[in-house]
Amino acid sequence: MGKLVIINHPLIEHKLSIIRNKLTDTKTFRENVNEIGSLVTYEITRDLATKTVEVETPITTTTCLTLAKEVVIVPILRAGLGMVDGIHTVIPTAKIGHIGLYRDENTLLPHEYYVKLPESLELATILVVDPMLATGGSAIVAINKIKQRGGKDIRFVGLVGCPEGVKALREAHPDVDIFLVKQDSHLNDKGYIVPGLGDCGDRLFGTK
Ligand code: PRP
Ligand code: URA
């Protein structure tokens with residue numbers, strides 16, 4: 001079974017208190033989501049495989065470590081975009097794929113409208129990024145797509161989750177590690193996480 005890691009850090013808690021606040025404006029919300037993206041990257045990449053390389057410093061030759069595998073960041077549109085720059089700042093060599101999904105408001109089922117992924121997923125470490133893990137439907141469908149295209153080493157990177165979404169994702173994809181900064185109480189009858197932070201896509205892009 002993949003790991004469930006809740007990333008604890010005072011800076012992350014501080015920024016989470018800002019994005020949870022309904023009075024936070026769009027610009028501040030977006031900045032803080034991105035900054036949390038950068039902060040969590042340290043933890044989600046902690047066990048990435050490395051390989052040795054010989055490097056010539058200005059003084060002598062020495063052995064260093066570099067990443068052994070390519071990293072691919074795959075945001076689930078739209079809200080996943082909010083964390084991409086923050087992660088990419090820390091892993092600038094990562095490729096970026098996109099999966100567009102929207103949740104039907106009534107059924108809460110995800111509908112696919114866009115998929116563009118790098119060609120060589122087989123050997124990459126793939127970070128599937130979506131701030132919200134609610135029913136888990138969007139994450140499950142996105143990871144299905146990535147596996148169909150050959151992806152094997154997959155991590156889900158979110159901000160706020162809930163027991164319903166974690167359970168569904170772990171059942172559907174037991175091989176996938178899940179990283180969150182908080183696991184909230186539950187889903188309400190409209191499929192929103194409680195206490196959550198509302199509709200993350202709308203808050204990032206100012207659409208409501
Ligand atoms: C939101 C969020 C996730 C999804 C999570 O997207 O960004 O992708 O809901 O819910 P789930 O776990 O129940 O699938 P939404 O469908 O609202 O689209 P948006 O990002 O374009 O606003
Ligand atoms: N999507 C969101 O943006 N927020 C929720 O609380 C649940 C799904």
Side-chain angles (χ1 to χ4, degrees), residues 2 4 6 15-34 36-37 40 44 73-87 96-117 126-147 154-174 176-208:
L4 169 63
I6 307 294
K15 292 174 192 300
L16 186 59
S17 78
I18 294 170
I19 63 173
R20 279 200 198 275
N21 189 333
K22 68 177 184 182
L23 299 177
T24 296
D25 63 81
T26 304
K27 177 172 182 283
T28 310
F29 186 88
R30 205 167 42 234
E31 286 168 355
N32 279 273
V33 169
N34 239 319
I36 298 175
V40 297
I44 61 188
I73 306 166
V74 182
I76 301 177
L77 310 183
R78 292 174 300 165
L81 289 174
M83 295 172 71
V84 169
D85 284 350
I87 300 173
I96 302 179
H98 294 87
I99 297 183
L101 300 172
Y102 73 90
R103 261 191 348 166
D104 180 292
E105 280 179 17
N106 298 312
T107 64
L108 299 181
L109 294 174
H111 293 268
E112 179 187 309
Y113 59 87
Y114 187 75
V115 177
K116 186 79 181 173
L117 296 167
I126 301 154
L127 308 177
V128 178
V129 180
D130 190 333
M132 310 308 285
L133 182 62
T135 65
S138 302
I140 291 168
V141 165
I143 294 170
N144 285 343
K145 201 79 198 174
I146 290 165
K147 286 184 173 175
I154 303 169
R155 298 163 192 218
F156 177 83
V157 184
L159 297 185
V160 180
C162 60
E164 296 90 328
V166 168
K167 181 169 181 286
L169 180 52
R170 294 190 101 181
E171 280 173 9
H173 295 293
V176 170
D177 290 341
I178 303 174
F179 295 86
L180 298 170
V181 303
K182 199 63 82 176
Q183 182 159 206
D184 277 0
S185 163
H186 64 280
L187 287 180
N188 69 14
D189 58 3
K190 291 193 165 58
Y192 281 90
I193 297 173
V194 182
L197 46 80
D199 188 307
C200 193
D202 284 338
R203 296 198 66 194
L204 280 167
F205 298 109
T207 38
K208 243 180 209 161

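Just follow the structure's listing: the first ligand is 1, and inside any ligand the first atom is 1. In this text, all values refer to a predicted model and were calculated from it rather than measured experimentally.
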What protein heavy atom sits nearest [atom], and how far away is it?
atom: atom 18 (O) of ligand 1; result: L101 O, 3.9 Å
atom: atom 7 (O) of ligand 1; result: A79 CB, 3.1 Å
atom: atom 4 (C) of ligand 1; result: S138 OG, 3.6 Å
atom: atom 22 (O) of ligand 1; result: R78 NH2, 2.9 Å
atom: atom 5 (C) of ligand 1; result: M132 O, 3.5 Å
atom: atom 16 (O) of ligand 1; result: R103 N, 2.7 Å
atom: atom 2 (C) of ligand 1; result: D130 OD1, 3.6 Å
atom: atom 17 (O) of ligand 1; result: D199 OD2, 4.1 Å

Checklist line | With V129, the side chain to side chain contact (heavy atoms under 4.5 Å, CB included) member among I99, V74, I44, I87 | finding: I87

Notebook entry, point to check: For ligand 1, which part of T135 has a heavy atom less than 4.0 Å away: the side chain, the backbone, both, or neither?
Noted result: both

Which of the numbered atoms in ligand 2 are below 4.0 angstrom from a heavy atom of [X]?
X: R103; result: 7 (C), 8 (C)
X: G191; result: 7 (C)
X: C200; result: 2 (C), 3 (O)

Check: Side-chain donor-acceptor pair under 3.5 Å between T24 and N21, yes or no?
Finding: no

Notebook entry, point to check: Can you find a non-hydrogen atom of P110 under 4.0 Å from ligand 1?
Noted result: no

Check: Closer than 4.0 angstrom: is that true for some heavy atom of R203 and an atom of ligand 2?
Finding: no

Notebook entry, point to check: Under 3.5 Å between some N or O of ligand 2 and some N or O of G201?
Noted result: no

Item checked: Selected option - heavy-atom contact closest to atom 4 (N) of ligand 2, from G198, G196, A134 -> G198

Next item on the list: Quick one: closest heavy-atom pair of S138 and I76, and the distance?
Entry: O-CD1, 3.8 Å

